K.L.:
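Pasting a structure here, questions to come.
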Amino acid sequence: MTSRSLLEGLNPEQLAAVTLPKQAALILAGAGSGKTRVLTTRIAWLLQTGQVSPQGILAVTFTNKAAKEMLTRISAMLPINTRGMWIGTFHGICNRLLRAHHREAGLPEAFQIMDSQDQLSLIKRLLKALNIDDEKYPAKQLQHFINGNKEAGLRAAQVVPYDDFTKRLVELYAAYEEQCQREGAVDFAELLLRCFELLTRNAMLRDHYRERFQHILVDEFQDTNKLQYLWLKLIAGDQAAIFAVGDDDQSIYAFRGAQVGNMFDFERDYQVKNVIKLEQNYRSFGNILDAANTLIQHNGTRLGKNLWTSAGSGQPLRVYEGSTDLDEAAFLVEEVKQLHREGLALQNMAILYRSNAQSRVIEHQLFSTGVPYRVYGGLRFFERQEIKHALAYLRLIANNDDDGALLRVINFPTRGIGARTIESIQSNARLSRASLWQAACSGGGSGRSGAAVAQFVNLIEDMRRRSEGLTLPEQVDMMLDQSGLRAFYHSEKDGQDRLDNLNELINAAMNYLAEADDRSLTGFLAHASLEAGDHQADAGADALQLMTVHSAKGLEFDAVFITGLEEGLFPHENASLDPAGLEEERRLMYVAITRARQKLYLTLSQSRMLHGQTRYNVGSRFLIEIPANLLHWLNKAQPAPKMGGFAPAGNSSARPTRSAQAEHGFHIGQSVLHAKFGVGVIIDCEGSGGGAHVQVNFGGSHGIKWLTLRSVDMLTASS
DNA sequence: ACCAGTGCCGTTTTT
DNA sequence: CGGCACTGGT
């Protein structure tokens with residue numbers, strides 16, 4: 001492929017980005033603007049023009065999916081062997097570095113990677129061992145504390161406690177570090193931090209990699225956390241060029257440590273002269289982009305960007321207001337069926353919601369009408385219980401000191417090792433500061449339980465011996481038999497699915513062998529932790545897609561339904577309190593809107609069941625922030641409330657849900673307008689006549705208030 | 001060792 | 001309302 005054909009079809013901004021000289025660059029890539037194309041073409045162009053060899057490329061993404069996509073597209077562009085290039089996730093690349101230099105990093109060769117579940121159970125164990133009151137120090141909170149600090153680049157010793165409580169947390173953080181080290185276990189954040197420290201302390205290694213990686217390309221830069229940015233700066237040194245691609249308007253992961261500020265900092269730290277905006281959108285029709293543009297302009301902190309298309313306006317956005325969540329769901333299903341009849345494939349349509357709980361009603365409706373659908377967000381393959389058990393056996397074979405793995409399987413399937421015995425092993429281990437395995441070996445335990453423990457130790461050692469000379473899939477197969485897992489699920493009455501999954505694990509091992517460089521058991525285990533597998537069940541079939549807005553990021557569909565557009569839900573009540581949170585919710589809405597290619601539906605409901613209670617919500621402010629002329633309300637006239645009174649606003653067909661209706665004409669579920677608080681919905685009534693009260697939900701801005709009907713200066717009835 | 005009953009809690013999530 | 005984690009009983 002010639003360089004001409006490589007660059008063919010790029011728009012001027014894309015072309016400029018692809019062919020930038022070797023300097024720090026920041027590419028502001030709007031939704032649907034060809035971001036991945038720019039990234040991959042840039043790499044291909046650098047290689048093809050001989051500016052760098054594959055070894056000189058380091059490309060970092062957040063998800064394995066994105067990394068794979070990049071690799072595939074580069075391979076399609078260039079007939080080169082992509083092996084030399086390092087393209088992967090932050091965690092995958094750090095894992096690779098730590099495996100190669102485990103000694104220098106102070107880790108055992110077969111160090112294990114804990115996923116969040118493993119990490120949490122280690123913390124619970126630790127708290128129990130230290131006799132910590134888990135009411136005061138919940139494991140989840142400690143986990144959050146530890147990860148937060150690691151992602152800020154801070155070791156326990158570096159955290160400055162500002163009160164006694166934090167001081168204790170820091171002590172527990174230190175104890176946790178010690179325990180991880182003893183077990184040879186590493187959590188996700190540790191991969192990054194350990195790698196960062198390795199390169200900070202070891203000048204030889206640092207210089208080696210700095211010399212090697214001349215071009216560092218970063219995808220989704222707006223999602224990087226503090227440590228990831230530090231890591232990038234460290235590995236780049238001052239000779240490599242960082243090519244950062246991101247979209248501040250699509251930053252929706254601040255809640256897990258992402259710092260959009262890294263984009264501003266990057267521009268300043270490197271005095272980036274090359275800021276290129278990709279604003280031409282190849283995905284959506286004009287009305288959809290106009291809606292997105294106008295909405296996001298309500299945010300104050302932006303780098304600034306406006307999407308445009310040459311595709312024409314397309315249809316208006318359709319809005320449906322249901323009376324109940326059930327009604328909303330029924331509309332969704334009917335509309336999906338209609339579009340399907342018109343020829344849209346189900347898999348090209350998506351129903352999006354802010355939180356997972358909202359899927360239930362919709363799923364129910366889909367199920368009862370027989371529309372095939374697929375929900376994102378269940379357990380992934382490597383997270384399933386039976387797979388975790390199998391992996392625990394493998395981990396124990398690879399690394400005896402993995403206490404978490406030992407505890408998971410020492411008595412599963414049951415082999416007569418009870419809680420008592422396990423506790424005594426644990427206290428022995430604690431006393432001699434050894435691993436559970438070591439304690440179990442020297443156990444000498446009394447009578448029957450001692451024999452059972454010895455038998456378990458033998459079992460593991462026997463499996464390790466048998467492993468020698470076996471291929472990875474054969475090892476897995478052997479373990480399934482020797483451990484008794486296969487027999488156990490075989491005798492379980494509902495065990496067939498789990499049995500199938502266990503056999504699937506053998507396939508997973510085979511696939512791993514075919515693709516991976518490191519073909520060891522340890523490599524496979526790391527792979528299982530770092531790539532927990534597909535999120536969706538049975539892909540392939542034509543099915544409607546259901547997912548949260550977060551998981552929709554990066555995807556696109558012909559028709560998109562954004563549901564639950566109500567104050568408190570979207571924007572979510574927990575986020576609408578502080579301005580930064582609200583702006584993130586708005587970016588989330590921006591992401592949702594820009595998923596749609598052709599048709600975009602916005603739906604809401606006057607009431608919905610939440611936490612076992614019927615809630616009455618106000619329409620989302622996001623509906624108001626989109627220009628009215630882009631919206632086509634399907635089932636009612638758009639309210640045009642005038643300020644200065646307490647008037648039924650909008651829909652007066654909202655059916656009363658309580659029999660306690662008063663003569664004043666107000667009822668539960670009714671929209672009202674207050675001079676000071678704006679539009680709200682009556683959620684409760686009390687009393688009658690002159691002393692009547694109504695409870696009104698004004699949404700995020702003013703919340704829920706009790707108001708007297710009598711105080712006419714506050715509330716003026718005027719219907 | 002297992003199960004049923006209770007009580008609590010309730011965004012978003014990748015690695 | 002519904003999922004889960006934990007408790008106490010058998």
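Just so you know, these numbers come straight off a predicted model, no measurement behind them. Every chain is numbered from 1, with letters handed out A, B, ... down the list of sequences.
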K.L.:
What are the two closest heavy atoms between Asn356(A) and Tyr353(A), and how far apart are they?
P.N.:
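Closest heavy-atom pair between Asn356(A) and Tyr353(A): CA-CE1, 4.0 Å.
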
K.L.:
The side chain of Thr63(A) is closest to which nucleotide in this list: dA1(B), dT15(B), dC6(C)?
P.N.:
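Of the options given, the side chain of Thr63(A) lies nearest dT15(B).
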
K.L.:
Run the numbers on Tyr209(A) and His101(A) for ring-ring contact (aromatic ring centres under 6.0 Å, His included), then give the verdict.
P.N.:
CA-CA 12 Å; Tyr209(A) 286 106; His101(A) 309 291; 5.6 Å; yes

K.L.:
In whole angstrom, give the distance that lies between atom CD1 of Ile113(A) and atom P of dT14(B).
P.N.:
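Value for this atom pair: 17 Å.
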
K.L.:
Expressed in angstrom and rounded to an integer, what is the separation of Ile146(A) atom CD1 from dT15(B) atom P?
P.N.:
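After rounding, the reported distance stands at 22 Å.
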
K.L.:
Distance between the C1' atoms of dA5(C) and dT12(B), in whole angstroms?
P.N.:
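Roughly 23 Å separates the two C1' atoms.
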
K.L.:
Would you say dT13(B) has OP1 or OP2 under 4.0 Å from some side-chain N or O of Ser551(A)?
P.N.:
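The answer is yes; a side-chain N or O of Ser551(A) sits under 4.0 Å from OP1 or OP2.
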
K.L.:
Both Glu151(A) and Asn574(A) contact DNA chain B. Which one's nearest nucleotide lies toward the 5' end?
P.N.:
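Its nearest nucleotide being more 5', the pick is Asn574(A).
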
K.L.:
Give one of base, sugar-phosphate or nothing for Ala189(A), where a contact means two heavy atoms less than 4.0 Å apart.
P.N.:
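Result for Ala189(A) = nothing.
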
K.L.:
Considering only atom C1', compute the distance from dT11(B) to dC6(C) and round it to an integer number of Å.
P.N.:
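These two C1' atoms come out 25 Å apart once rounded.
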
K.L.:
Figure out the CD/P separation between Gln613(A) and dG2(C), and round it to whole Å.
P.N.:
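Distance, rounded to whole Å: 14 Å.
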
K.L.:
Rounded to the Å, how far apart are Leu530(A) CG and dT13(B) P?
P.N.:
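The answer, rounded to whole Å, is 20 Å.
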
K.L.:
Looking at Arg380(A), does any N or O in its side chain come under 4.0 Å of the phosphate oxygens OP1/OP2 on dT15(B)?
P.N.:
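Yes.
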
K.L.:
Is Asn356(A) near enough to dT13(B) that one of its side-chain N or O atoms lies under 4.0 angstrom from OP1 or OP2?
P.N.:
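So the side-chain polar atoms of Asn356(A) do come within 4.0 Å of the phosphate oxygens OP1 or OP2 of dT13(B), strictly under.
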
K.L.:
Rounded to the nearest angstrom, tell me the gap between atom CD in Glu492(A) and atom C1' in dC2(B).
P.N.:
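To the nearest whole Å, that distance equals 12 Å.
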
K.L.:
Measure from the side chain of Ser355(A), starting at C-beta and using heavy atoms only, and say which of dT11(B), dT13(B), dT15(B) lies closest.
P.N.:
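It is dT11(B).
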
K.L.:
Taking only side-chain N and O atoms of Asn411(A), does any of them lie within less than 4.0 angstrom of OP1 or OP2 on dA1(B)?
P.N.:
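Yes, within the criterion.
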
K.L.:
Answer yes or no: is there a donor N or O on one side and an acceptor on the other, between the side chain of Glu183(A) and the main chain of Asp403(A), under 3.5 Å?
P.N.:
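Answer holds: yes.
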
K.L.:
Does the dT13(B) base have a donor-acceptor partner in the side chain of Thr548(A) within less than 3.5 Å?
P.N.:
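By the distance-only test, no, there is no pair.
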
K.L.:
Within this structure, what is the CG-to-C1' distance between Leu379(A) and dT13(B), rounded to whole angstrom?
P.N.:
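The distance from CG of Leu379(A) to C1' of dT13(B) comes to 14 Å, rounded to the nearest Å.
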
K.L.:
Roughly how far apart, to the nearest Å, are dT13(B) and dC4(C) at atom P?
P.N.:
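Those two atoms are separated by 15 Å.
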
K.L.:
Are side-chain heavy atoms of Ile422(A) and Gln426(A) found at a separation under 4.5 Å?
P.N.:
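Heavy-atom side-chain distance check passes, below 4.5 Å.
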
K.L.:
For dT15(B), take OP1 and OP2 only and decide whether either is under 4.0 Å from a side-chain N or O of Asn64(A).
P.N.:
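Yes, such a contact exists.
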
K.L.:
Considering just the side-chain nitrogens and oxygens of Arg360(A), establish if one lies under 4.0 Å of OP1 or OP2 belonging to dC1(C).
P.N.:
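For dC1(C), OP1/OP2 do not have a side-chain N/O of Arg360(A) under 4.0 Å.
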
K.L.:
Checking the side chain of Arg595(A) only, and the main-chain atoms of Lys553(A) only, is there a donor and an acceptor separated by less than 3.5 Å?
P.N.:
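No, because the side chain of Arg595(A) does not come within donor-acceptor range (under 3.5 Å) of the backbone of Lys553(A).
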
K.L.:
Indicate yes or no for a side-chain donor-acceptor contact from Arg587(A) to the backbone of Ser251(A) under 3.5 Å, with no hydrogens or angles considered.
P.N.:
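Side chain of Arg587(A) to backbone of Ser251(A), a donor-acceptor pair under 3.5 Å: yes, one is there.
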
K.L.:
For dT11(B), does the O4'-C1'-N9-C4 or O4'-C1'-N1-C2 angle fall within 90° of 0, making it syn, or is it anti?
P.N.:
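dT11(B): syn.
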
K.L.:
Describe the nucleic acid contact of Tyr253(A) in one word from base, sugar-phosphate, nothing, applying a heavy-atom distance below 4.0 Å.
P.N.:
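If one applies the 4.0 Å heavy-atom cut-off, Tyr253(A) turns out to touch the sugar-phosphate alone, with no base involved.
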
K.L.:
Could you give the CG-to-P distance, from Leu120(A) to dC4(C), as a whole number of Å?
P.N.:
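That distance rounds to 15 Å.
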
K.L.:
Does the ring of Phe255(A) lie flat against the base of dT11(B), closer than 5.5 Å centre to centre with planes under 30°?
P.N.:
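Stacking is absent between dT11(B) and Phe255(A), given that the ring centres and planes do not meet under 5.5 Å and under 30°.
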
K.L.:
In whole angstrom, what separates Glu363(A)'s CD from dG2(C)'s P?
P.N.:
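Atom CD in Glu363(A) sits about 13 Å away from atom P in dG2(C).
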
